[in-house]
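The structure under discussion appears below in the form of structure tokens.
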2 protein chains.
Amino acid sequence: MKVIAAAKELNYVPNLLGKQLKSGQTNMLGFFTNSVSGPYFYTLIESIARTADSLGYGLNVFVTKRHDTIQNYLFGNVVDGVIVFESRITENDAKMIEHHRIPAVFLDRPKTGDKISSITFNSYKEAFDATAYLISLGRRKIVYLAGYPDNFDSNERQRGYEDALQKYGIPVNRSLILPGLFEEPTSYSEMRRFINLHPEDVVDGILAGNDISAIGAMRALKENGINVPQDVSVIGFDDVEIARYFQPSLTTTRNPIGRQGVITVKQLVSMIAEDAKGQMVVLDGQMIVRDSTAIKQ
Amino acid sequence: MKVIAAAKELNYVPNLLGKQLKSGQTNMLGFFTNSVSGPYFYTLIESIARTADSLGYGLNVFVTKRHDTIQNYLFGNVVDGVIVFESRITENDAKMIEHHRIPAVFLDRPKTGDKISSITFNSYKEAFDATAYLISLGRRKIVYLAGYPDNFDSNERQRGYEDALQKYGIPVNRSLILPGLFEEPTSYSEMRRFINLHPEDVVDGILAGNDISAIGAMRALKENGINVPQDVSVIGFDDVEIARYFQPSLTTTRNPIGRQGVITVKQLVSMIAEDAKGQMVVLDGQMIVRDSTAIKQ
DNA sequence: CCGTTGAATGCAACCGGTTACTTAATAGAA
DNA sequence: TTCTATTAAGTAACCGGTTGCATTCAACGG
């Protein structure tokens with residue numbers, strides 16, 4: 001009683017390590033990722049960090065590529081649960097996660113185990129719908145500007161794009177799939193190269209892997225006097241801030257990133273604290289029609 | 001010997017907490033911040049996380065606003081050193097940081113103690129130079145689109161703006177300082193309001209608190225048929241990705257954010273591991289002239 | 001005045017490592 | 001063979017909390 005008062009007087013702060021060691025829990029979540037760059041990540045991390053904080057958890061961000069370090073952090077009892085995105089976590093690690101029964105949420109692949117959840121976006125359906133929308137505007141020759149080769153979302157989007165074409169009886173043309181790599185300059189130069197190859201017979205629609213590559217493609221179009229949206233209609237993904245303010249403003253699909261973060265943390269915490277089972281959640285995006293798409297004259 | 005081999009066989013991972021408790025160091029750095037949103041933060045965090053990783057440190061990101069939580073993490077021996085930006089760290093905390101002698105780096109204010117470093121940008125000088133550049137282009141009536149009211153950089157930039165005006169004999173006009181709040185919509189509406197108030201006599205230069213507010217201002221100008229850069233020349237800050245690709249591409253000042261992160265971590269680690277003293281580092285930015293500025297006809 | 005009760009305090013063990021020290025085992029030299 | 005030098009293995013204490021249990025103390029009713 002007196003001791004506590006005295007401690008407060010001297011503004012004593014307890015050593016958390018002793019507490020964590022004894023109790024066997026750290027009240028920390030680990031976020032394992034390759035990179036934190038780009039609008040997607042900061043929205044996600046912001047959401048994860050705030051939700052974790054509101055539930056009494058702190059956040060550890062691990063950007064390491066060194067595999068031993070990953071293992072030390074994963075299984076060194078330094079976090080109570082882990083969130084995994086685009087990280088250097090191998091199949092073997094995933095098995096160990098399952099074996100150690102450390103609660104985990106995957107954001108870039110389907111769940112694999114009992115104590116594992118996955119919270120992903122419905123990239124396939126979004127791309128399918130966006131492509132169908134372009135077709136409904138009278139577009140028939142549609143480019144897909146792909147992202148990183150092994151990226152889950154990029155591949156899902158391509159699958160949706162191809163399936164939509166087929167559904168409406170348009171044959172898939174591999175030469176219309178360009179490697180934009182999610183980057184402005186690459187998308188710009190790929191598009192410029194394409195235009196130069198087919199000066200007479202350009203496309204009438206572009207489905208870009210993300211907004212920034214859509215902007216790159218539009219730059220190439222503008223340079224060649226091709227009009228957006230009349231000649232070519234363009235759709236991006238992500239709804240980054242600039243999509244709204246760019247001219248022409250960009251039709252795109254917005255994913256509920258903030259909600260992904262909130263659900264991720266809530267699901268993870270309920271696996272930790274209430275021993276809940278893992279769940280697989282697929283979140284639907286929302287297409288936002290702006291000025292970069294219009295019906296073909 | 002055999003034991004170690006057997007341990008490896010069973011892919012045993014040591015409990016880091018015991019190690020940390022005994023050794024008195026955690027090899028973790030703490031990053032205390034209000035928010036992680038925006039291009040500045042992800043560039044900074046990416047740089048900090050990678051540099052920390054390369055030096056054998058992990059990164060803890062604390063976005064909490066609860067003050068007891070901040071104290072627990074700050075002084076609970078859960079990190080070996082702290083990085084502070086725009087956080088809810090009070091003056092009292094800063095004193096405690098100094099008293100506990102926990103190494104710290106401030107990114108949003110000058111250093112105050114012996115074991116404390118500060119790594120900041122030279123926002124004053126950058127704004128001074130940018131304003132002087134506008135004046136050298138023949139601009140005399142220059143708006144400053146301010147950021148958040150209490151933001152260190154925004155205020156420093158305003159100081160540089162005012163001093164540059166005075167140096168060249170242009171009186172500072174308070175009505176030319178608009179609250180853009182670092183946001184596109186706010187900057188747009190403030191600029192539109194301003195144009196409507198002075199339909200005959202618009203400005204001929206804009207120094208925006210950041211790029212995104214510059215883009216907002218340019219939207220208002222364009223809507224009113226005012227030409228950039230001929231009628232009004234516009235300069236932003238930060239050189240976000242879109243500044244290069246916007247039309248007209250934006251003249252802006254790029255801060256070495258990545259370098260700030262690297263220096264921050266190196267300085268922090270040398271205070272931790274080599275008992276180095278705190279330093280005060282001011283980094284210079286670089287103005288990048290693009291198409292949003294031109295000499296006045 | 002004594003016995004019971006409740007609160008407050010003191011004490012020891014434990015969490016899982018590290019470290020220093022002791023003891024055992026092996027190898028090499030006389 | 002025997003003694004010493006070197007290495008390996010075993011032991012106990014410690015880091016700073018938490019937890020359970022034993023002890024002390026004060027308060028109160030009988």
What residues form a salt bridge (charged side-chain N to carboxylate O under 4.0 Å, His left out) with [X], not counting sequence neighbours?
X      : value
A:D108 : none
B:D153 : none
A:E126 : none

Within 45° cone and under 6.0 Å: B:R157 NZ/CZ vs B:F237 ring: yes
Extract from the structure each pairing of a protein N or O with an N or O of nucleotides 14-16 of chain D at less than 3.5 Å, listing the distance.
residue: D:dG16; atom: N2; partner: A:G18; partner atom: O; Å: 3.4

Test of ring centre spacing under 6.0 Å for A:Y40 and B:Y42: no
Overall bend - the helix from C:dC1-D:dG30 to C:dA30-D:dT1, comparing terminal axes fitted on five pairs, nearest 10 degrees: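 One end's axis against the other's: 60°.
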Identify all side-chain donor-acceptor contacts of residues 21-30 of chain A below 3.5 Å with residues at least two apart in sequence or on another chain.
residue: A:S23; atom: OG; partner: A:K19; partner atom: O; Å: 2.9
residue: A:S23; atom: OG; partner: A:Q25; partner atom: N; Å: 3.3
residue: A:S23; atom: OG; partner: A:Q25; partner atom: O; Å: 3.2
residue: A:T26; atom: OG1; partner: A:M28; partner atom: N; Å: 3.3
residue: A:T26; atom: OG1; partner: A:V78; partner atom: O; Å: 3.3
residue: A:T26; atom: OG1; partner: A:D80; partner atom: OD1; Å: 3.1
residue: A:N27; atom: ND2; partner: A:G56; partner atom: O; Å: 3.4

Spacing of A:F41 atom CZ and B:I45 atom CD1 [to the nearest 0.5 Å]: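 Between A:F41 CZ and B:I45 CD1, I get 12.0 Å after rounding to 0.5 Å.
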